[in-house]
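Given the structure is predicted, the values throughout are model-derived calculations rather than measurements. Both ligands and their constituent atoms are indexed starting at 1 by order of listing.
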Amino acid sequence: METKQTISRVGAKPLLHTLVLALGLGAAGPALPQAAADLNAGRAKVEANCAACHGANGVSVADNIPNLAGQRGPYLENQLRALKSGARRNAVMGAVAAQLSAQDISDVAAYFASLPGASGTAKTALPAAIAMSQVTIPPDHRASMVMYQTVNRPDINQVRYLYANEVALRAAREGRDLPNGSHLVLEQHAARLGPDGKPVMGSDGYFVADRLIAYAVMERQAGWGKDIPANLRNEDWQYGVYTPARQLRSGVNHSECLACHKPLDRESYTFSIKALTEVAKRR
Ligand code: HEC
Ligand code: HEC
């Protein structure tokens, strides 16, 4: 989608400025006028780009995602602009909003505003392509993979261990994008807490792990991205969560994984490519 705004014509600004002042709106008021919203285009854009989380009908798929059906159009537009600029911060929704043009924003806002509102308990089912995951976990990843990074997460009292397979390590060593066959496993551990309620620090500078919570996995195989909406797709990567008993967790909204990792398209969609490359080169 194009992101360029087409409104900064010379001469338009002083007039608008006067208008904005006259209305008492100040700097945080609505942005400059745009082309009229197109409801049909709005519906198509919502179905393609927003349905995985907010539902095509504006009734969301989960409690952490707002319903948008029947919400006021100008409010939606303002929030989308703030999410796009980063003035309102949310890693998942920010990555989605970053891809919207000014026209997209007015179209989708008008469409959501036109829908009947829903009751607080109604939910939309996750689309099949978002609910499913083909990622696997090796039977003994600690033996067959290489641990390449430890991450303290003081924000959620966790310590995480990151593992990569040979395919990923070889590509990182050679400075190539991680190809099909790459497989990354992230162990999430609750940190042991001290009497002050804070994580206990080990002598290595990392939190002491107390209890395994889950395995977050990324794996890339040919064709795995083909059914995923383009604004979420991470080429052929898929995501999945395994329980400590190595069962694939169901009900996970994989579009959140995809959205948050999507801006890292130049780093093979990983947050840890630097550490992976360093470890791969040392071996
Ligand atoms: C991967 C999931 C995901 C997708 C896809 C997604 N959203 Fe969101 N959206 C969220 C989440 C999560 C929030 C809540 C953000 C927060 O807590 O600040 C949100 C919040 C919003 C808000 C703010 C609502 C409010 O009440 O303030 C708007 C507007 C919005 N989304 C519009 C869209 C539009 C338009 C699209 C499609 C172009 C879209 N979203 C696609 C997850 C998603
Ligand atoms: C809000 C953003 C966000 C979301 C959503 C997210 N991740 Fe990540 N992911 C990260 C960050 C940041 C890291 C780096 C390690 C850390 O800080 O914990 C990471 C690291 C990873 C890694 C290690 C490879 C790498 O990219 O460095 C895997 C595997 C992974 N995430 C899988 C998942 C899965 C599976 C999901 C969905 C269930 C998911 N992630 C959702 C932000 C996110």
Heavy-atom distances under 4.0 Å are what count here, so tell me which part of [X] touches ligand 1: side chain, backbone, both or neither.
{"X": "L100", "value": "side chain"}
{"X": "L68", "value": "side chain"}
{"X": "N49", "value": "both"}
{"X": "A52", "value": "neither"}
{"X": "L258", "value": "neither"}
{"X": "K45", "value": "neither"}

State whether the side chain of [X] and the backbone N or O of [Y] hold a donor-acceptor pair below 3.5 Å, judged by distance alone.
{"X": "S272", "Y": "L276", "result": "no"}
{"X": "N165", "Y": "S182", "result": "no"}
{"X": "N152", "Y": "P154", "result": "no"}
{"X": "D107", "Y": "D38", "result": "yes"}
{"X": "E267", "Y": "I273", "result": "no"}
{"X": "K262", "Y": "N234", "result": "no"}
{"X": "T124", "Y": "V61", "result": "no"}
{"X": "H261", "Y": "T270", "result": "no"}
{"X": "Q149", "Y": "A275", "result": "no"}
{"X": "N67", "Y": "S60", "result": "yes"}

Linking I/L/V/M/F/W/Y whenever any side-chain heavy atoms sit under 4.5 Å apart, do [X] and [Y] land together?
{"X": "M93", "Y": "I130", "result": "yes"}
{"X": "W237", "Y": "V217", "result": "no"}
{"X": "Y269", "Y": "L169", "result": "yes"}

Geometric N/O contact Q71 with ligand 1, under 3.5 angstrom: no

Sub-4.0 Å atoms of ligand 2 with respect to non-hydrogen atoms of [X]:
{"X": "V151", "result": "16 (C), 17 (O)"}
{"X": "Y148", "result": "24 (C)"}
{"X": "Y239", "result": "32 (C), 33 (C), 34 (C), 35 (C)"}
{"X": "V241", "result": "38 (C)"}

NZ or CZ of R246 within 45° of Y215 ring axis and under 6.0 Å: yes

Metal proximity, C260 vs atom 8 (Fe) of ligand 2, N/O/S cut-off 2.8 Å: no

Can you pull out the closest protein heavy atom to [atom]? Residue, atom name and distance to 0.1 Å, please.
{"atom": "atom 38 (C) of ligand 2", "value": "C257 SG, 2.7 Å"}
{"atom": "atom 35 (C) of ligand 2", "value": "G240 O, 3.4 Å"}
{"atom": "atom 14 (C) of ligand 1", "value": "P66 CD, 3.6 Å"}
{"atom": "atom 26 (O) of ligand 1", "value": "Y75 OH, 3.4 Å"}
{"atom": "atom 22 (C) of ligand 2", "value": "L186 CD1, 3.5 Å"}
{"atom": "atom 17 (O) of ligand 1", "value": "N90 ND2, 3.7 Å"}
{"atom": "atom 19 (C) of ligand 2", "value": "F271 CD1, 3.5 Å"}

Identity of the nearest option to [atom], non-hydrogen atoms only, from [options]:
{"atom": "atom 29 (C) of ligand 2", "options": "Q158, M218, R160", "result": "M218"}
{"atom": "atom 27 (O) of ligand 2", "options": "A216, S133, S272", "result": "S272"}
{"atom": "atom 18 (O) of ligand 1", "options": "K262, M93, R88", "result": "R88"}
{"atom": "atom 30 (C) of ligand 2", "options": "H261, R153, E187", "result": "H261"}
{"atom": "atom 7 (N) of ligand 1", "options": "Q99, E256, H54, R81", "result": "H54"}
{"atom": "atom 12 (C) of ligand 1", "options": "N67, V46, I65", "result": "I65"}
{"atom": "atom 36 (C) of ligand 1", "options": "G94, C50, C53, A51", "result": "C50"}

Salt bridge (charged side-chain N to carboxylate O under 4.0 Å, His left out) partner of E187, chosen from R160, R211, R142: R142

Quick check on contacts: which atoms of ligand 1 are under 4.0 angstrom from a heavy atom of [X]?
{"X": "Q79", "answer": "27 (O)"}
{"X": "V92", "answer": "1 (C), 2 (C)"}
{"X": "S255", "answer": "1 (C), 2 (C)"}
{"X": "V108", "answer": "35 (C)"}

Contact partition for V217 relative to ligand 2, non-hydrogen atoms under 4.0 Å: backbone

Gap separating the CD atom of E219 from the CG atom of L184, nearest 0.5 angstrom: 9.5 Å

N64 side chain to E256 side chain, donor-acceptor N/O pair below 3.5 angstrom: yes

Atom CZ of R266 with >12 non-hydrogen neighbours under 6.0 angstrom: no

